[in-house]
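Count residues from 1 along the sequence.
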Amino acid sequence: YEAAQHCALNLLSTLQSYLVSQGSDLSNISKVIKLFGIVRSHSDFIEQHLVMNGASDVIGEVLGKEVGGSHARSAIGTNTLPLGIAVEVEMIAKIKSSALF
């Protein structure tokens with residue numbers, strides 16, 4: 001859960017940096033479409049979705065429930081991830097077109 005929270009904060013930070021470089025900010029995200037998470041876990045562990053709640057919770061708290069709260073989400077488990085990380089998260093977000101011009 002905590003590792004997924006950190007991943008979400010990293011995603012938001014990266015997105016914020018990009019948006020600032022375009023003269024915008026996180027307020028110009030109109031919707032988080034989907035999160036996809038890969039959780040390093042033992043083959044007996046079946047609660048990857050609960051780990052991913054950490055990312056979903058952070059996205060919802062930072063962006064608000066309307067923008068970040070109701071997104072699609074997938075979570076899978078694997079026995080290894082690069083560099084020994086615990087969780088990897090991808091995010092698809094819609095940015096208001098006016099934010100980039």
Side-chain angles (χ1 to χ4, degrees):
Y1 184 89
E2 187 177 331
Q5 288 178 312
H6 288 285
C7 287
L9 290 172
N10 286 334
L11 287 167
L12 291 169
S13 176
T14 300
L15 191 51
Q16 171 75 355
S17 293
Y18 170 75
L19 289 169
V20 166
S21 76
Q22 302 298 308
S24 186
D25 61 27
L26 290 177
S27 68
N28 284 299
I29 297 173
S30 60
K31 186 70 181 155
V32 172
I33 307 298
K34 182 176 181 177
L35 294 180
F36 172 67
I38 306 170
V39 179
R40 186 179 55 155
S41 53
H42 189 272
S43 61
D44 292 340
F45 185 73
I46 59 170
E47 296 183 339
Q48 289 83 1
H49 63 290
L50 297 179
V51 173
M52 283 299 297
N53 283 347
S56 292
D57 291 348
V58 166
I59 299 290
E61 288 172 25
V62 172
L63 300 177
K65 295 297 178 190
E66 187 174 314
V67 173
S70 321
H71 48 266
R73 189 178 76 186
S74 300
I76 63 170
T78 185
N79 65 339
T80 186
L81 283 169
L83 305 174
I85 62 174
V87 178
E88 183 173 327
V89 180
E90 294 178 2
M91 176 173 65
I92 300 171
K94 183 177 180 183
I95 300 169
K96 298 174 188 173
S97 60
S98 61
L100 302 178
F101 299 103

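Using a 4.5 Å cut-off between side-chain heavy atoms of Ile, Leu, Val, Met, Phe, Trp and Tyr, with links allowed through other members, L9 and V39 fall into the same hydrophobic cluster. Following chains of ILVMFWY side-chain contacts shorter than 4.5 Å, one can reach I59 starting from Y18, so the two form part of one hydrophobic cluster. Linking Ile, Leu, Val, Met, Phe, Trp and Tyr residues whenever their side-chain heavy atoms come within less than 4.5 Å places I95 and V62 in a single cluster.
Considering every non-hydrogen atom in both E66 and K31, the closest pair reads O-NZ, 3.3 Å. Of all heavy-atom pairs between E88 and P82, the closest is OE1-CD, 4.3 Å. In terms of heavy-atom proximity, R73 sits nearest to H49 at NH2-O, 3.1 Å. H71 and I33 get closest at one heavy-atom pair: CB-O, 3.6 Å. Across all non-hydrogen atoms, the minimal contact from I29 to V67 is O-CG1, 3.5 Å. Between Y1 and N53, the closest heavy-atom pair is CE1-C, 3.6 Å.
Rounding to the nearest 0.5 angstrom, the gap separating the CG atom in L81 from the CD1 atom in I38 is 6.0 Å. For the atom pair OG (S17) and CG (L26), the distance works out to 9.0 Å, reported to the nearest 0.5 Å. How far OG1 of T80 is from CZ of R40: 7.0 Å, rounded to the nearest 0.5 Å. Taken to the nearest 0.5 Å, the OG atom of S56 stands 11.0 Å off from the CD atom of E61. Here the straight-line distance linking atom CD of E90 with atom CG of L11 works out to 9.0 Å at 0.5 Å rounding. We find the CE-CG distance between M52 and L35 to be 5.0 Å, quoted to the nearest 0.5 Å.
Between the side chain of T14 and the backbone N or O of N10 there is at least one donor-acceptor pair closer than 3.5 Å. Between the K34 side chain and the S74 main chain, no donor and acceptor come within less than 3.5 Å of each other.
Applying the side-chain contact (heavy atoms from CB on, under 4.5 Å) criterion to S30, with sequence neighbours excluded, gives K94, K96. Under the side chain to side chain donor-acceptor pair (under 3.5 Å) criterion, Q5 pairs with no residue, sequence neighbours left out.
For the pair I76/F36, a side-chain contact is recorded, criterion being any heavy-atom separation below 4.5 Å from C-beta on.
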Exercise. Start with the C-alpha gap between V87 and E2, add the side-chain angles, then the distance that decides, and say whether side chain to side chain contact (heavy atoms under 4.5 Å, CB included) holds.
Key: CA-CA 10 Å; V87 178; E2 187 177 331; over 6 Å; no
Quiz prompt | Residues L15, M91; criterion side chain to side chain contact (heavy atoms under 4.5 Å, CB included); working and verdict | solution = CA-CA 10 Å; L15 191 51; M91 176 173 65; 3.9 Å; yes
